[in-house]
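So the structure is just underneath, and the comments pick up after that.
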Amino acid sequence: MRNNSNSQKLDKIKDLMERVNYLVESDENKRRLEKWESVAGLPNIFTRHLPKKGLSTVPFIADLDREMWGQVMGIEIERIYQDPYAYVEFELSKKIFAFENFKDDNPITKYITMWFGVGFVESLLGIEQEPARAGHEPWVGKGILFKEREDLKRFELPDFQRSEPALRVRRVYSQLKEIVGDEFEVIFPEWDFGPFGTALHLRGTENLLIDFLEAPEFVHDLIRLIMDAKFSWSKARAEFLGVSVQPLYLANDDINVPLISPEAYKEFILPYEKEISEFHGGIDYWHSCGRIDPVLHYIKEIPKLKMIHISPWTDLEKAIEIIGTDHIIEVVLNPIDDVEKATPSQMESKLKEIKRLCEGLNYTIRADAFQIESSLENDLKQITTWIEKAREVLQ
């Protein structure tokens, strides 16, 4: 029997679900859906869409950082990680707000994604996450799992069918499923972080970069362990859900020149990312917010790769020259310089330059990762102004 508090929460969630259902079937959502071939990888908290080829317009999306969404919704970030009802309310509310207030090409869907914050993957291996607090979501723990190289030899991989973090994820999944029923799909988290970033957290950045020079065999052994853990998680996930292993969205923010050199990427990362793609039947989307133009020619070697993220720190002109028509290009703007602090004329100029450079290519434009720069009211106004300019320029 439900207590009164949960009953009231569920009534509110049902109202939100009805609103989402209505918007999903709207003509406006059908227009937006027509822009995209599919979702890249599994729908997750940072959902990316693969644009269709041959469109007469350039599809574009604006999205907020999760912590900014919390302020827009008036929901404490800490609470959504403690109360599954608050989590569902948050996910549904931001879907509705984005669809009704941001007139971009982002479709509304009936997915409820599970996001445990940065550092979730490392927590599966034993580094306790920093909890959500003071308006910030969970973050990677401050500890190092392998302080000494010898520690690696003594480490045993967890059983992801029985380990405590994995069981916790399953409990939350069941709770969310019970709340939304069969009408909405809850997306169980996948291990979609690249091996290099995980290695940095397990070993420590300074230690690992020294290992590159002094102990390359250790680096390979460490990444091999991470790969084994990643594949073990993905297999356990698929078995639990009764599905096959699916194509991946690969998050790789630590692939950033000069943090890693092109030579180091080729030797220590590329072979494993190729292996990940083969295991998953493809990588739909390769993501890094860092500078990647010096390693793009290697990234292109990954089999069955569809879309590549080009951050504002990457030279777009060089990236276009390297990628050409071989892959979809996601051009991502600087949220502060190109939107929150930009004048309308600067927004227009930037969009026209991207359109000129990308003429004839299969690409999409995204402005995201917004956090409050001046005030919530002003920043939302800047974002909606950017959307209006994008609609004008990209038609």
Checking the side chain of [X] only, and the main-chain atoms of [Y] only, is there a donor and an acceptor separated by less than 3.5 Å?
| X | Y | value |
| --- | --- | --- |
| S234 | F231 | no |
| S232 | D228 | no |
| N256 | R291 | yes |
| S349 | S345 | no |
| H280 | Q246 | yes |
| D293 | K318 | no |
| W36 | D105 | yes |
| E78 | A134 | yes |
| S277 | P303 | yes |
| S93 | F90 | no |

Could you verify whether a donor N or O on one side chain and an acceptor N or O on the other, from Q382 and E373, lie under 3.5 Å apart?
no
Y265 versus E273, side-chain donor and acceptor atoms under 3.5 Å
yes
Verdict with reasoning, E275 to K230, per salt bridge (charged side-chain N to carboxylate O under 4.0 Å, His left out)
CA-CA 11 Å; E275 188 179 344; K230 185 264 175 294; over 6 Å; no
Residues [X] and [Y] bridged, charged N to O under 4.0 Å:
| X | Y | value |
| --- | --- | --- |
| D151 | R154 | yes |
| K103 | E388 | no |
| E392 | K389 | yes |

[atom1] ([X]) with more than 12 external heavy atoms under 6.0 Å:
| X | atom1 | value |
| --- | --- | --- |
| E278 | CD | yes |
| E321 | CD | no |
| Q82 | CD | yes |
| E28 | CD | yes |
| E148 | CD | no |
| K110 | NZ | yes |
| K341 | NZ | no |
| K350 | NZ | no |

List the steps, then state whether side chain to side chain donor-acceptor pair (under 3.5 Å) holds for D379 with S374.
CA-CA 7 Å; D379 291 342; S374 57; 3.0 Å; yes
Do [X] and [Y] make a side-chain contact, defined as non-hydrogen atoms from C-beta onward lying under 4.5 Å apart?
| X | Y | answer |
| --- | --- | --- |
| I299 | L296 | yes |
| I226 | W191 | yes |
| T109 | P43 | no |
| F212 | E267 | no |
| I292 | W313 | no |
| R168 | E164 | yes |
| F102 | L380 | yes |
| M68 | L376 | yes |

List the steps and the verdict of ring pair (Phe, Tyr, Trp, His ring centres under 6.0 Å) for F240 and Y173.
CA-CA 11 Å; F240 173 69; Y173 175 78; 5.8 Å; yes
Taking all heavy atoms of [X] and all of [Y], pick out the closest pair and write down the distance.
| X | Y | result |
| --- | --- | --- |
| E100 | R19 | OE2-NH2, 2.5 Å |
| V331 | C358 | CG2-SG, 4.1 Å |
| N334 | D337 | OD1-N, 3.0 Å |
| G204 | I144 | CA-CD1, 4.0 Å |
| L42 | I187 | CB-CG2, 4.3 Å |
| I80 | A86 | CG2-O, 3.8 Å |

For P107, the option from H49, K95, R31 that meets side-chain contact (heavy atoms from CB on, under 4.5 Å):
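When H49, K95, R31 are each tested with P107, the side-chain contact (heavy atoms from CB on, under 4.5 Å) holds only for H49.
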Taking a hydrophobic cluster as the set of Ile, Leu, Val, Met, Phe, Trp and Tyr residues connected by side-chain heavy atoms closer than 4.5 Å, whether directly or through intermediates, do [X] and [Y] fall within one such cluster?
| X | Y | value |
| --- | --- | --- |
| V39 | V24 | no |
| I387 | I372 | yes |
| F116 | Y111 | no |
| L33 | I96 | no |
| L241 | V180 | yes |

Residues I310, V332; criterion side-chain contact (heavy atoms from CB on, under 4.5 Å); working and verdict:
CA-CA 6 Å; I310 303 301; V332 181; over 6 Å; no
Where do L10 and S7 land on the side-chain contact (heavy atoms from CB on, under 4.5 Å) test, with the steps shown first?
CA-CA 5 Å; L10 189 58; S7 179; 5.8 Å; no
Given N106 and D63, is the side chain to side chain donor-acceptor pair (under 3.5 Å) satisfied, shown in steps?
CA-CA 9 Å; N106 193 17; D63 196 13; 5.5 Å; no
Step by step, work out the salt bridge (charged side-chain N to carboxylate O under 4.0 Å, His left out) result for E89 and K9.
CA-CA 8 Å; E89 179 187 339; K9 293 174 184 178; over 6 Å; no
What is the ring orientation for H309 with Y285, classed by angle as parallel under 30°, tilted 30 to 60°, or perpendicular over 60°?
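The rings of H309 and Y285 sit tilted, inter-plane angle from 30° to 60°.
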Residue that, paired with F120, satisfies ring pair (Phe, Tyr, Trp, His ring centres under 6.0 Å) out of Y81, W115, W233
W233
Determine, stepwise, if the pair T57 / K35 fulfils side chain to side chain donor-acceptor pair (under 3.5 Å).
CA-CA 9 Å; T57 62; K35 302 286 184 179; 2.4 Å; yes
Begin from the C-alpha positions of R237 and E190 and carry the test side-chain contact (heavy atoms from CB on, under 4.5 Å) through to its verdict.
CA-CA 7 Å; R237 177 191 185 278; E190 176 59 284; 3.9 Å; yes
Might you work through the side-chain contact (heavy atoms from CB on, under 4.5 Å) test for V20 and F184, ending with a clear yes or no?
CA-CA 10 Å; V20 171; F184 282 57; 3.7 Å; yes
Kindly indicate, with the supporting measurements, whether the criterion side chain to side chain donor-acceptor pair (under 3.5 Å) is fulfilled by H220 and Y272.
CA-CA 10 Å; H220 282 291; Y272 300 104; 2.7 Å; yes
